[in-house]
Structure formats: C-alpha cells, structure tokens
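Everything quoted here is computed from the prediction, not taken from an experiment. In what follows, every chain begins at residue 1, and chains take the letters A, B, ... in the order their sequences are listed.
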Amino acid sequence: MGPIPTSFWRSLEELAETDDFKDYLHHEFPRFADAYSLNRREFMKLMAASLALAGAGGCTRPLEKIVPYVHAPEQLVAGKLLFFATAVTCGGYATGVLAESNMGRPTKIEGNPAHPASLGATDIFAQASVLELWDPDRSQAVMRGADISTWQALVAALSSKMQTFTANRGAGLHILTETITSPTLAAQLRALVAKYPLAQWHQYQPVNRDSAYEGARLAFGEALETQYLFDKAQIVVSLDADFLGSLPGHLRYARDFVSRRRVESRRTAENGRATMNRLYVIESTPGLTGAMADHRLPVRAADVGAIARSLAQELSVSRATPVGTPSAVPDAWINAIAQELTNTRGASIVLAGDEQPPYVHALAHAMNHALGNIGATVVHTQAVAAEPGNQLDSLKRLSLAMAAGAVDTLLIAGNPVYYAPADLGFAEGLRRVPLAVHLGLYHDETAASCHWHVPAAHELEAWGDARAFDGTVTLQQPLIAPLYNGKCLHQLLAVLAGELNKTSYDIVREYWHAKLSGDDFEKLWQTALHDGLVRDSAFAVKTISMRGDVSAALPSPQAEAPGALEVVFRADPSIHDGRYANNAWLQELPKPLTKLTWNNAALMSPALAQRVGCVNEDVIELRLSGHHVTAPVWIMPGHPDRSVTVTMGYGRTRSGRVGTGIGFSAFALRTAAAPWFASGLEILKTGRREPLATTQHHHSMEGRDIIRIMSLTQLRVANPAKEETGPATSLYKPFEYNGYAWGMSVNLNTCIGCNACTIACQAENNIPVVGKTEVTRGREMHWIRVDRYYEGDLDNPRAHFQPVPCMHCEQAPCEVVCPTEASVHNSEGLNVQVYNRCIGTRFCSNNCPYKVRRFNFLQYTQDEPSLNAQRNPEVTARQRGVMEKCSYCIQRIASARIEADKENRRIRDGEVLTACQAVCPTQAIVFGDLNDPASAVNQMKASPLDYALLKELNTKPRTTYLAKVTNRNPELGR
Amino acid sequence: MTQATQPTASVLTGSYTYASITDKIADTVLIRPTHWGWMVGMAITTMLMVLLLVAMSYLFARGVGIWGVNEPVAWAFALTNFVWWVGIGHAGTFISAFLLLLRQKWRTSINRFAEAMTIFAVAMAGLMPILHLGRPWFFYWLIPYPDIMNVWPQWRSPLIWDIFAIGTYIIVSMLFWYMGLIPDLATLRDRADKRWKQIGYGLMALGWRGEARHWQRFDTAYLLMAGLATPLVISVHSVVSLDFSFGLVPGWHSTIFPPYFVAGALFSGFAMALTISIPLRAVFGLKDFITARHLDNIAKIMLVCGLIVSYSYLFETFTAFYSADQFEIFMIRNRMAGPYAWAYWTVIFCNVLTIQTLWFKRIRSSTLALFAISIIVNIGMWLERFVIIVTSLHRDFLPSSWGMFYPTFWDLATLAGSVGAFAFLFLVFVRVLPAISISEMRKLVPEKQKGEL
C-alpha cells in the first residue's frame, strides 16, 4: 500500500471548478492547440486530470498528436496499483476498506487491516461495490420528470423554493434519508433543521435497527449501541441474531468469535488441551450463525421471545411469569443453557437479533446484566446512528403528513416507493407532494415518482464520512471523479442551506476542521485519510444502569390461532434490501444456504411443504391481511415449521437491466404493524411453476469423506496423529521445486460460509456472470465455490461449508488429458491454465474430481465499456470456448516476485495474499510457500486436523483442509 | 463358420453370367431410371443435411453453449455421436478386410457398400469432435505440425492418440475402398454413354485396362491393404475407448473398455449394415446378390458381438461391486436406479434382450424382423454410449457438483442431421458408384457353376 496522495485528488477537485477543466470535459479530448496555449503548469494539471478521468473518457485514442508525461504525476506509475483508504457503507454502517486504483480506475476493494470493523476483511457488499460504481445502468443525468435537465436548473428551482421556506420557517419541507451515521451529514441536517425549525428530517430504511434501539431504551432508558466482545466469551447464546452474517460489525464479530474456536495448532491438538467456545443459536430463518452453531434450535420467529422469557426466568432475571416455551423446545435446552451461562458468568453473551421485537433485546440486556457480562463481554456506547429514533414511526409521520397534504417539498435519498411498508400508502402520498426531489444511484421506483431526480455520486466518487459499528469515523475519499456528474447528499443539503457552490470536499473538510482540534489540522487530516480512520473517534464505553425490572416492558402474550402460519421477512443474503439488485455479481452469488441465484423464494420447512402439497419451484400465493404476492417455493431444511421466510430486495420494477423483474417483492406483504414477522399467513397454490437457479442440487455427502468433522471431546481423547501418506509410486519423475512451492490450507473449523471469497475472486479475476438461464444449465463460472452439505434430519440438519478452489494437484488429472498442453504444471507447483492454448475439449473438466474447472460455453465476457474499466488488467479476459479456473491469484504472486527480485530477496511469508484469503473475515484461508518451513501455510498443514480432499485418488492436492471441530454440550446429547 | 457347415442358401442365387452381373450392377448406376423411393429418401435426407448445416453454422457463431453440455456433464451428445459413428464404421472394415483374409466368399456382395458405410460413418464421426471443441477453428492444434513456437501436442492425452487412430482409419479406409473400386470404375467408363461420364469414370479408373499384370498387382495390393486395415478394426475403437478409460471418472476408469468397445462397435456396425442392406436389396432388386444367407450371417455376427457386449455389461457391474470402491458402486447403482435409469434399462432391452431372438432361425430369415432388430440395436448402441458418457459424468466424486444433462434442440438437430447427412451420402453413392463389386461378383460365377457356392 502506498501512501495516500491526497494532494493529487484535491487538485482534481479544485480543477473541476476551473473553466479550463470544464472546457476539457466538454471536449473529450482537448485539441492540442488549446492545450498549447496553457502554461506548463496548467498543462500538467490537465494531463493529470485527464489520466484520472481515463475511465470516464473512454479509451479511444485521439487523432491528434499527443504528448506523454514530461514529469509524471507524483506516485502514479503505469501498471502499478495504488490503494486509497476509504470506507463503504451498508445500512449506514461503515467498513474501512482500501480501494485499489489501477491507473485511476477503482478496480478492487480490500479490507483495511487498521479499521476495527474490517481488520482486513470485507463482506460481499463491499467487494461488489466496485461493480456498482461501474454499473452502466446507473442514472447518468439530472432528470426533471421524464426529461433530461441540469443540476443548475434544479438548484434554481430549489433556491426559489427555499425563499418560501425562509419566510415560513421551513413548514412543509421534509427530508427523508436512510440511516445517517456520517457526522458531517448529521451536522448539515441539524443545521438545516435549526435554520428552518419547522422542517423535518425523517429516516427510514427497511433493514433498520429500531428493535435494537427500542430494546436499549426499554432496558437503559436511552438508545444505546450494543457491542459484543466475542473474543472474551466462552458461551454465546443467540436469540435469532445473525451476528456472523449481517449484524453491524459482523466481520469483526466473526474474527473475534472464531479466535476462540481455533484448535488446529499442533501443540493444542496433540496434547489434548484444545478449548473452544460454545455457540447456542435459537433461530428462525436458517442463517450463517445457525450453521456455525454447536447447538441450533429452529423455532418460529414469534416463539423466540417466549424462549427468551423462559431463559430469563431460569436465570432469575425476570419476575415475569414465563408464557411457556413452545412445545418444540425441550426443557433440557433451557436448563442446559441457563446452567452454562451461570457457570461462565462474565464470559458469556446473550444477544438478540435486530428482527426480534424490542422486549427480546431488553431481556437479553437484562440477562447479560445479571450474568455480569456487561462491561466484560458486552459493552454499550452511544448510538452509531446520528439520530437513533424509531425509523418506522418517522416514516409513518411522513406518510401521514403527505396524505394530509402538509408536505410541500420532499427530498428523498433512498428508495421508499419500493421498500416502504405496504400499508403506509407511501407512493400515493408522494403523488400529493408538489415538489419531490430524489437523489439516488439509479433512476429507480422512487425516482420515477418524483419530479426531480439527481444521479448520486457513488461512495468511491465523492467525499464523505461514516461511522463503523463502534463509532470509528472513516473519511471517505473519492478514487475517481464522478462518472456521471453525480452529486452527493452533502451537496444537495448545502443547496438547501443556500450554499450553492460547495463541493463535498469543502463540506467534509470544513466540518472536520472544526472537529479535529489540534495545532496542525492538515497533519491530522492527512493521517486520517492515510489510515482510513479518525483516531480515537470510536465511542467511549458507557457505564450503564438497568432501568429496574424489564418484566414491566414485556408484552402480554398474544393468542394465536392453532396451526396459524407465520411469515418472516429477512434481508436477502445476496442483495440485502434491494439496493444491490442491479449488481450482477451479487445476483449470481449463490445464497449461503439455499445456493439459489437470481431469485428469492418462499422458504419453508420440508414438513410444511408436504402439508401444503408443494415442491420446489411451485408457485404459491402468499396472503397476509389483505396483501398478497406470488412466490416460488424453496424447501429449506432446518426451517422452523409453520413459518415461511421471504427475503427482501427482489421484485424491483425499475432497477436496471440486471435487477428488474426478477423475483417477488416481500415488501408487498410487509406492514408497519409487523415489520419482521407476522402471523396469519395464508398459502394458496396456483398450479404454476417457476424455474429457480441453484448451483447445488445435492445436499448430502452420501457418506463420503468430504468434510471431516469431529467433536472437541474426540479431538482431546483421540489425539489424532496426522495421516501418513503412503509411498508414492509413479512412472513419472516427481516435479522438483527449487524456488517456491505454493500451497493453500482452508480451515473448515473457522469458515462461516459467508461467500466473501467467491465474490472477491470474481472481482480480482474478471470472472464473468452468466445469467439465470445459464446457471440453471449448470454453467456458473465461480472459481472458488462454497459447497454446503447437510447432515442429520431434515427438520434440523447441521450445515457444513466447504470452500472449493482449484486444488492445484501435484498429480493433476487435468494435465495429462489436455491434448494441447493448455493445462500445465509450472515450476512453482501451480497447475496453470494457458487460455491462449486452450481449444476447449473439456476433457480436463471431466477428469477433475473436484469439478473446479469452469468453461466459457458461450461468450460470457461482455464488451461493455464501463465494465471493461472495472476489469483487472493483470488478468486476461477469457474468450468463449476456453476453460478457466482458480490460478492461486498468479498475478499477485508475479507482482510479489517482481518486488522481491528488485530487493534481491525471497518473497516473504504473507506477502502474497490471494483474493479469497485477503477477504476472509475469519482468516480461514492461508496461502504460502511450502518450501518455507516456517510459513503459516506449513504450520496449518502440520496440524493433525489437516486432510486432503479425495485423497484416495492420489492427486496430491496442494489445497488441503483442516477438519471441522464442534463443541457440543454433552448434556444435550444429540 | 467354415464353408462346410454353411447353410444351403447360396451367396448368389438366380442364374447369372459374367455379362448379366455386370449389366445388373452397372445399369443401376448408368441406365436404370431413378426409383421413387430413392427420390423420397433424397428429399428427406437433404432436409436433414441442411438442418445439420444450420446447426453447425449456429454452433460456430454462438459456441457449444447452444447444446445442453454443462459442468459436470461437459461431454454429451457430440461425443456420444462420435463413438457411435466410429463404431458403425467398424463393420465395413471388418467385412471387407477381415473377412477377405478369412476368405469368406459371402462378404463379396456386401463389402462395397459396407466400406462406403464405413467412410461416411467415419466422416460423421470425424466431424463430431471438431464441432464439440470450444474453439473449433483451432482444431489443427491437435495435429503435430512443426510450428515456430515449437509447441507440440501433449502426447499423454488420449485425445491425441484418437487423432492418430481416426486419421489412420479414415485414410486406410478411403484407400482400400478406392482401390477395390478401380476395376469397376473402368467397367463403368467403358459402358458409359455420355462423354462426361466416360471422362469422369475414366480419370478415376487410373487407366485400368484389365490386363493380367493389372489383376495380379491389384490382387496383391488389395490383400496387403486388407492386412493393413484388419488391425485397425481392433485398434481404432480400442483407442477411442481409452478416451474414457484413461479418465478418473467412475464408469470410465475401467480396463475392460477396449474389447468391450470393439465388440460394441462391430455390434452396431453390423446392425447398421443390416439397416442399409435390407432396403437396398429391396429397392434395387438385388435379392439375388444380397441373399438370405448374407442376412443370416450378419445376424449371427450380431448375436456373437451382442453377447460379448452383454458380458461386458455384466462384468462392469460385477467389477464395480468387486472393487469395493464406493464411487464405482455408487456409479453402477446410479446407472440402474438414478435419473438416467430409463436409458440404462433401454440399453439392456435393446442390446441384451432383443438379440436373444437371433438364436432362432425363423427370426434370422425374416427380413422384417431383422430390420426391426437392427434399428433397435442401433438405438441401443447409441444409448449405451450416452449412458457411459453422461451417467458417469453427472454424478462423480463430490455431490455438490452433481448435475443433470438435458439435450437442447441443437443437440437433437446435430444427431438427426448427422444421420441425414450419412444417408444422403449413401444415397448419392448408390447412384454414382456400383454398390456391389462387379469384378468380385463375377469371380463368384465360375465358382457357382462349379458348384462350390
């Protein structure tokens, strides 16, 4: 990572305001004569800017004579990557990242190791954000109704409005945003509301933290942020909380959590001293956390609360009479969990999911308090959201105001027309607003209903700031000037405040100029940009006091008709609440447990499907209190019975070429009264069928030795010695490796199945997407896939994940059968694929027992200019008819080798991080040199848990696995 | 099957002289008006051939993705067609070369068209692997040619062995066929009434004048070619079978494949010979030349080959269980009870059960029954290759990667088109060249007169 050339970007921003620069933008390629008239300094500026905008300008060569650099812009070396520390947000929460810039084009996202929410890892959304940036379907112009307009016209329109608001103190001015964690934005909004006291700021996003904040209000009297210290917890009880997959801070939580599950080191494993934490998950919709659990209990979302009550009762926390645990829950469970929690006071965590009602959170807080966990494993800080009010109430107020005709001007940053609860009549109300302005990346459903639409600048295009789950602030810096002249919310709010010409840079910097008190602001600013975080900006831990007995807050149990069905709403694991619907990488990413792509479905238990009489892909109609939607069925083992899960984000009508018209919208059923789950669902069969594209059709290991699983007890007792590999006999001489011999180890014990590796690989290696039809035909292209197997009964199976990249076999079956030597062994042990030499016989794929080879059956790599700009120039884009597969990121090895050669040394251990390894939140993937005895990968391979997949085939894979170890409570048996 | 035990039916019935044999065969080419059946056949096969051309054009434009192939089933129809067509070719070489060396007189009247069948079938077979390539325009990289980058094919790959096996086969078959045609081409040249026909046949006849020296050298060369072609009957399909048995895939990785494939090849080849000869002798009135005795003999060879194939099926199953290898056992179970079980049991019905009727003389002497059985065996042998390729691939080692193969329209179009193109070429052949060897048939006349037949 190079230092951050902030001055370079600043000069670009400044340049953007000069007449010369505007002129340049007008003529894509300024005539040489024009440039000639500039003085040398301006000329150099122009050249720098033109380079930075290479992506925006396209790649056509100018006809006129052009002049190369005389003095290259500082730090910019052709072909050399630059990394800029910034942050990407999801639901307002920031993840610190290092964005890779390839000659001015952002091409890849890496985690920022210094950032507390990342620690070097990222999730799938951060990885896919570069594709979002380059998405050709992004909105590209200011729109007034259906006509293209200009920013100046909008500014003029708003400015005249603002005069009215100055007079009436802002009555009728409403601003609707999603969750704001940005200190600058919050300050801007507060200033605006201060200036126009009658103006109102509303916040709403469909996946919000209302429950968590309300729960904290119940327990502590204020909306606090709860943070968990999983590295200090021995027992973790999750009440429907997906802390490994979706809770803010989940990357950090996953890292901390698995730090107490690592037993692979030879010393620990062989001396019977291994210890692990234990995870109990009471879960409605099966998720990543449940898949990782030592004990998982599927219960309906509505019953989680009852279990929380029983547990609280058992721990003598709550005086409220328990309402009786659902019949599905064995008493032994409650007793065992309570016993374990009591035994590990101060070293356990009880946490509730954001989808559970506030009182469950309150109970969890009370239990943590009673167990002495607060301050030890659970800490509280002030809320990360700048305004932690109830978002649903906020949206309700806005809807009422709109319906009453009280809204005169509405500024929307978000897509509420698509995702507002179905019963609020948001879209109807919006029609009554005289002036509605929408700011968004896409000309989406809301944009179509507004009078004005402003294309938003992407997070990688604009200045900004955002807070992570612990409050740490990251200053977001742009890597590229806005591709489509996008504006950010900062600028739009500045216009409302009457500051017409402020750039986002000015606004953010001004705010921090006031905040970062110190002698040398410039230095602090530079440091913050360089580090990717503002030092000491994390919120201080608050000492809290419980607000008496929470039992007062417990709702009286609601009677439910026997046999009533429940519907559960969840964010989609791949496209979240729909904001990533047009992201083809995410659409094609198999959802962790269902392995579905390109669709959502009504997920239900096998038993319910049998009762309803439907099978996978049958289309059913879901009816809930007057709302209805049709959805294909997907049977999900481990789903609680009498419950149906629908995920949000699909059924978009204006999303772009990728996301429009696929799946169904769960928002059609979601009401303000029951945002996360509701009882009274009716299912009607339609008799139709809709094909769904899944990447894995078989879920059982068929008794084969694919994922090795052992219990901690077995590990301690059996003292497993590493299997000795028998003497290898071969007609061929073994390869000799005098330099490096690369190898990989994948730790199945820490893999949480989050799919980040798959999408990081896709971004790094220019892997094309193929679309739903092709996935249906079994032609997805992912170089590293995450296999998911089920074990045990259908009602509550245990899920196991196994990431499968190329094994780089020492005796590779693919190499011997290739007739053209396109699949060859290289001098460092890699099994490389020479695309240019491949003629596509596909024998290698047939002969690969791991089926990791991917074939371009058609021309999948599209020649779309803006997508071309995203591609990694170090990796060939493949033609149709060519086989491809994981290369162990050979381009990264090559770069490291060049650096090492320059310094006349060997590549250091850890210097080459494959894309999958770098992104992994739990560091389950370790890559390195097998010729280096001290390398991390050799340590892993020395573990007694190490095994080779399909070892009996004698392929001698270089990628090996560490067996999964579970830590079940012996009292609960199986 | 020595002559002593031959049944009473002769390989040449009716009373023929040298001249009448020549008249009969040559007139089919030169004089006889076009039969309506031939016209109908031409119409249908032309349409199918056009379908093949369309399918190929679309394939070259879009890529193999227009077929149903996928991961894990990366090979399907194209390779099935390939093995099937190569197999069909084998009967021709067996009849013309192998039986020549064994001095089987009954081969005389069927060897010419059987060889034509070989060439057209191998042409169809040769097409398939090229169509199946991801980048067919680079097919020549499979051939060892000196290029400036000094890159050679990868010799350990069975696909390279295949190129040599098929290449040799098609060259030897063509030469053998053409050499046998030379005396007949001269006859046609001499009898042709139109100048362009005389020139055309004359050029192809290479100046044959029927001298004793010509005949002496011809017989020697023909015998030598037969000697050269005979081992190919064994080697070509053995090498084709290595495409599979060299692989790791359960269901492919088996040592019995070479003999199993050779027997299967002859089985399907003789079935195709029956499929062709029965309508041929009916339409062109060749029942005296292709007699019931021929059909009977072909049926008997089919029975023998079919029994070897059945034995192979049995042993494939046995070794799977005997190996105690979980993947092998699963493979055979999956074949018998998996999603493609229908294909497996159809194969058993076609190739094992149906041919048991050939034990009966009544069936062997019924042209209708033989025709039906030959069609059934053709279908069965195609499906056998489909079962070997697809059911082995679709569920191999890791259940996560299991999948299914469903053919698309273009898969079916390529198969149907190749059948059509084969039939088209054959129909052209019977109108342009003597479908039965005139010179060799004439040799039968004195033997018949001596009562040796």
Side-chain angles (χ1 to χ4, degrees), chain A residues 595 695-706 770 774 777-780 785 787-789 802 804 813 815-824 837-860 879-883 949-950 952-953 955, chain B residues 62-75 79 129 132-142 151-163 243-244 246-250 252-253 325-327 330 389 392-406 408:
Chain A
K595 295 289 161 198
T695 57
Q696 193 180 340
H697 302 269
H698 289 269
H699 314 306
S700 151
M701 282 187 268
E702 298 285 331
R704 298 175 182 184
D705 182 24
I706 296 172
V770 297
E774 292 293 291
R777 291 190 177 135
R779 295 174 180 171
E780 66 278 2
R785 61 172 198 265
D787 286 349
R788 186 265 301 113
Y789 295 103
Q802 183 176 42
V804 186
E815 288 169 11
V816 284
V817 295
C818 176
T820 54
E821 266 182 314
S823 173
V824 285
R837 185 65 187 163
C838 177
I839 60 171
T841 68
R842 309 191 287 289
F843 202 167
C844 53
S845 168
N846 287 340
N847 218 29
C848 174
Y850 310 99
K851 288 289 173 285
V852 294
R853 294 183 153 259
R854 297 287 178 253
F855 189 67
N856 290 274
F857 287 94
L858 299 168
Q859 182 62 46
Y860 294 135
Q879 193 184 18
R880 78 144 146 114
V882 169
M883 191 63 76
L949 187 57
L950 299 176
E952 59 272 41
L953 299 177
T955 52
Chain B
R62 290 291 315 281
V64 285
I66 65 166
W67 294 344
V69 280
N70 58 26
E71 305 287 343
V73 189
W75 289 357
L79 267 287
H132 126 113
L133 290 181
R135 301 200 293 172
W137 51 95
F138 290 131
F139 77 93
Y140 63 91
W141 288 0
L142 293 166
V151 182
W152 294 91
Q154 204 274 106
W155 297 97
R156 287 178 299 171
S157 171
L159 294 184
I160 294 299
W161 313 341
D162 227 19
I163 287 287
D243 287 351
F244 303 101
F246 196 75
L248 276 181
V249 184
W252 288 10
H253 193 64
D325 180 293
Q326 56 172 337
F327 304 117
F330 177 84
I389 294 173
S392 305
L393 286 174
H394 93 119
R395 290 183 174 175
D396 66 346
F397 297 98
L398 297 183
S400 63
S401 305
W402 290 357
M404 287 292 289
F405 166 80
Y406 301 104
T408 63

[X] side chain to [Y] main-chain N or O, any donor-acceptor pair under 3.5 Å?
X        : Y        : value
A/Asn847 : B/Leu248 : yes
A/Arg779 : B/Val69  : yes
B/Arg135 : A/Cys838 : yes
A/Arg880 : B/Gly65  : no
B/His132 : A/Thr841 : yes

B/Phe397 vs A/Leu953, side-chain contact (heavy atoms from CB on, under 4.5 Å): CA-CA, chis, key distance, verdict:
CA-CA 10 Å; B/Phe397 297 98; A/Leu953 299 177; 3.7 Å; yes

Pairs of heavy atoms under 4.5 Å with chain B: top-ranked of A/Pro819, A/Pro813, A/Gly778:
A/Pro819

In terms of heavy-atom pairs under 4.5 Å with chain B, the winner among A/Glu774, A/Arg853, A/Met883, A/Gln859 is A/Arg853

Taking all non-hydrogen atoms of both residues, which atom of [X] and which atom of [Y] are closest, and how far apart?
X        : Y        : answer
A/Ser845 : B/Ala74  : OG-CB, 4.3 Å
A/Glu821 : B/Gln154 : CG-CG, 3.1 Å
B/Leu133 : A/Arg842 : C-NH1, 4.4 Å
A/Phe855 : B/Gly134 : CZ-CA, 3.6 Å
B/Leu159 : A/Val817 : CD1-O, 4.3 Å
B/Trp402 : A/Arg704 : CZ2-NH1, 3.7 Å

[atom1]/[X] to [atom2]/[Y] distance, rounded to the nearest 0.5 angstrom?
X        : Y        : atom1 : atom2 : answer
A/Arg854 : B/Glu71  : CZ    : CD    : 6.0 Å
A/His697 : B/Met404 : NE2   : CE    : 9.5 Å
A/Leu858 : B/Ile66  : CG    : CD1   : 8.5 Å

Toward chain B, the part of [X] with a non-hydrogen atom under 4.5 Å:
X        : value
A/Leu950 : side chain
A/Glu780 : neither
A/Arg788 : neither

Within a 6.0 Å radius of atom NE2 on B/His394, are there more than 12 heavy atoms belonging to other residues, nucleotides or ligands?
yes

Top of [options] for chain A proximity - count of heavy-atom pairs under 4.5 angstrom:
options                                : answer
B/Tyr406, B/Phe405, B/Phe139, B/Phe330 : B/Phe330
B/Phe246, B/Trp75, B/Trp252, B/Trp155  : B/Trp75
B/Pro72, B/Pro250, B/Gly403            : B/Pro72

What do the steps show when you test B/Trp67 against A/Phe857 for ring pair (Phe, Tyr, Trp, His ring centres under 6.0 Å), and what is the final call?
CA-CA 9 Å; B/Trp67 294 344; A/Phe857 287 94; over 10 Å; no

Any [X] side-chain heavy atom under 4.5 Å of [Y] side chain:
X        : Y        : answer
B/Pro399 : A/Ile706 : yes
A/Glu952 : B/Gln326 : yes
A/Pro849 : B/Phe327 : no

Derivation of the side-chain contact (heavy atoms from CB on, under 4.5 Å) call for A/Gln802 and B/Ser400:
CA-CA 10 Å; A/Gln802 183 176 42; B/Ser400 63; over 6 Å; no

Is B/Trp161 in contact with chain A via its backbone, its side chain, both, or neither, using a 4.5 Å heavy-atom distance?
neither

So which part of B/Trp137 gets closer than 4.5 Å to some heavy atom of chain A, the side chain, the backbone, both or neither?
side chain

Full working for side-chain contact (heavy atoms from CB on, under 4.5 Å) between B/Leu79 and A/Phe843
CA-CA 11 Å; B/Leu79 267 287; A/Phe843 202 167; over 6 Å; no

